[in-house]
Amino acid sequence: MPHKVAEMSPQFLLVWHSNTVSSGSSMMQNGLDAVPQTNGGSLHNSSSNSSANSHNSSSQTNSAGGQEESKTNLIVNYLPQTMTQEEIRSLFSSIGEVESCKLIRDKVTGQSLGYGFVNYHRPEDAEKAINTLNGLRLQNKTIKVSYARPSSEAIKGANLYVSGLPKNMTQQDLENLFSPYGRIITSRILCDNITGLSKGVGFIRFDQRVEAERAIQELNGTIPKGSTEPITVKFANNPSNNNKALPPLAAYLTPQARRFGGPIHHPTGRFSMLPGNAMNGSGWCIFVYNLAPETEENVLWQLFGPFGAVQSVKVIRDLQTNKCKGFGFVTMTNYDEAVVAIQSLNGYTLGNRVLQVSFKTNKSKTA
DNA sequence: CGACGGGACGC
DNA sequence: CGACGGGACGC
């Protein structure tokens with residue numbers, strides 16, 4: 001059983017909080033908050049969605065369309081904005097051989113739409129990817145990994161916006177209210193950021209458009225049991241027709257600069273501890289020492305992902321035993337984020353081992 | 001105590 | 001009144 005981050009000492013579990021899209025700037029000044037890990041050894045954020053329930057093996061009974069659901073094809077949601085297709089491939093390849101990988105980008109701007117597809121050769125790898133990568137924190141996001149449904153027109157536009165909910169209604173209450181009308185993919189109740197109290201507004205995403213339509217017909221204007229106010233149920237706004245803060249021209253006049261996270265700050269001459277060959281042109285290589293023999297790549301993703309853009313991770317194994325030789329490497333895109341990760345994770349207790357984390361040096365057995 | 005990979009230009 | 005953290009089906 002591989003170690004999970006959640007099993008580590010809680011006081012060391014650091015999570016990156018930032019509202020800014022990672023642009024490689026002054027991230028060191030921003031706060032790192034210690035996050036008390038609720039026990040359980042799982043990073044899965046089951047409170048924010050319900051898809052796990054919907055994708056049990058029992059749900060493989062085909063729904064109306066009669067389409068067989070793929071057991072190798074995954075949809076990945078809530079990806080960090082800067083994450084590239086190759087980084088996604090790198091992440092999912094840590095589980096097993098990936099057949100194909102596709103990050104969905106805006107057709108005109110080229111910006112990531114924050115989701116993509118990963119298809120494995122083997123169903124067991126897809127299952128393992130869900131078990132180990134769903135809920136993984138990467139930068140300021142918590143990714144979601146679930147089986148992709150067969151693509152069809154029937155599943156599009158099935159997201160509902162619900163308002164007028166009683167303030168004491170829970171996510172589970174909301175699901176109970178809507179579940180008679182179809183298979184719920186995600187649900188959410190919006191809460192005030194400060195008070196944490198419900199805003200009486202939520203979202204329900206159904207599997208099928210027709211399910212959403214029927215829920216509107218049946219529930220819009222009705223008064224939930226125990227409430228006095230009728231709820232409004234309608235289709236959610238389409239994010240592509242966003243009326244958000246004007247996405248000014250400048251934003252996609254220089255998409256390249258953003259894609260690569262902005263200028264890299266070379267520490268040359270300004271610091272006594274030079275990373276030296278830690279920088280390999282497209283990232284900063286970090287050495288992680290004192291990993292347990294059973295360590296798998298996903299552990300490194302869990303450790304470093306919250307601190308910023310991770311390009312790749314590697315657990316070094318003995319060729320005969322296939323056990324980790326006690327160390328590994330992580331390549332991060334941005335120097336500032338790498339520094340914070342090193343400062344935060346060096347000395348971190350993983351299991352019963354104290355990690356040593358630093359920029360990679362030149363040391364090697366043959367040199 | 002221990003400690004820094006490995007694929008591999010090839011169109 | 002309200003619009004997610006977060007553009008969910010191949011952009």
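The chains referred to below are lettered A, B, ... by the order of the sequence lines, with proteins before strands, and numbering in each begins at 1.
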Ring centroid separation A:Y161 to A:F235 under 6.0 Å:
no
Length of the line joining [X]:[atom1] and [N]:[atom2], which is rounded to integer Å:
X      : N     : atom1 : atom2 : result
A:I104 : C:dG7 : CD1   : C1'   : 11 Å
A:D318 : B:dA3 : CG    : P     : 14 Å
A:F117 : C:dG7 : CZ    : P     : 15 Å
A:L190 : C:dC1 : CG    : P     : 15 Å
A:R105 : C:dG7 : CZ    : P     : 15 Å
A:L160 : C:dG2 : CG    : P     : 17 Å
A:F329 : B:dC4 : CZ    : C1'   : 4 Å
A:R209 : C:dC9 : CZ    : P     : 11 Å

Consider only side-chain N and O atoms of [X] and [Y], and report whether a donor and an acceptor are under 3.5 Å apart.
X      : Y      : result
A:D173 : A:T170 : yes
A:N119 : A:E99  : yes
A:R317 : A:N322 : no

At under 4.0 Å between heavy atoms, what does [X] touch on the DNA or RNA strands: base, sugar-phosphate, or nothing?
X      : answer
A:G164 : base
A:N159 : base
A:F327 : sugar-phosphate
A:S112 : base

hbond_proxy A:N73 side chain to C:dG10 base (donor-acceptor, 3.5 Å cutoff)
yes
Return yes if the base of B:dA3 and the side-chain atoms of A:K325 contain a donor-acceptor N/O pair under 3.5 Å, otherwise no.
no
Assign B:dC11 to syn or anti; the rule is syn for a glycosidic angle within 90° of 0 and anti otherwise.
anti
For C:dC9, does the O4'-C1'-N9-C4 or O4'-C1'-N1-C2 angle fall within 90° of 0, making it syn, or is it anti?
anti
Aromatic-base stack, [X] on [N], cutoff 5.5 Å, angle under 30:
X      : N     : answer
A:Y78  : C:dG5 : no
A:Y161 : C:dA3 : yes
A:F287 : B:dA3 : no

Please test A:S94 against A:N298 for side-chain hydrogen bond (donor to acceptor under 3.5 Å, both in side chains), starting from the C-alpha separation and ending with a verdict.
CA-CA 7 Å; A:S94 69; A:N298 65 290; over 6 Å; no
If you measure from the C1' atom in C:dC11 to the same atom in C:dG7, how many Å do you get, rounded?
10 Å
Euclidean distance for C1', C:dG5 against C:dC1 (whole angstrom):
22 Å
Kindly say if A:K156 contacts the phosphate of C:dG10, meaning a side-chain N or O under 4.0 Å from OP1 or OP2.
yes
Taking OP1 and OP2 of B:dC4, is either one under 4.0 Å from a side-chain nitrogen or oxygen of A:T361?
no
5'-most contact on DNA chain B: A:R317 or A:Q356, nearest heavy atom basis?
A:Q356
Side chain of [X] - closest among [options]:
X      : options              : answer
A:C285 : C:dA8, B:dG5, C:dG5  : B:dG5
A:K102 : C:dC4, C:dA8, C:dC11 : C:dC11
A:T142 : C:dC1, C:dC11, C:dG6 : C:dG6
A:K360 : C:dC1, C:dA8, B:dG5  : B:dG5
A:I185 : C:dC9, C:dC1, C:dA8  : C:dA8

Could you check whether the rings of A:F359 and A:Y335 sit parallel, tilted or perpendicular, using 30° and 60° as the cut-offs?
parallel
In terms of the angle between their ring planes, are A:Y115 and A:F117 parallel, tilted or perpendicular, with boundaries placed at 30° and 60°?
perpendicular
Of all pairs that satisfy side chain to side chain donor-acceptor pair (under 3.5 Å), the ones with a partner from residues 214-233 of chain A, not counting sequence neighbours:
none
Find which nucleotide of DNA chain C each of A:E229 and A:S100 is nearest to by heavy atoms, and output the residue with the more 5' nucleotide.
A:E229
Residue-level proximity of residues 193-204 of chain A to DNA chain C when a heavy atom falls under 4.0 Å:
A:K199, A:V201, A:F203
Between A:P230 and A:G221, what is the shortest heavy-atom contact and its length?
CB-O, 3.3 Å
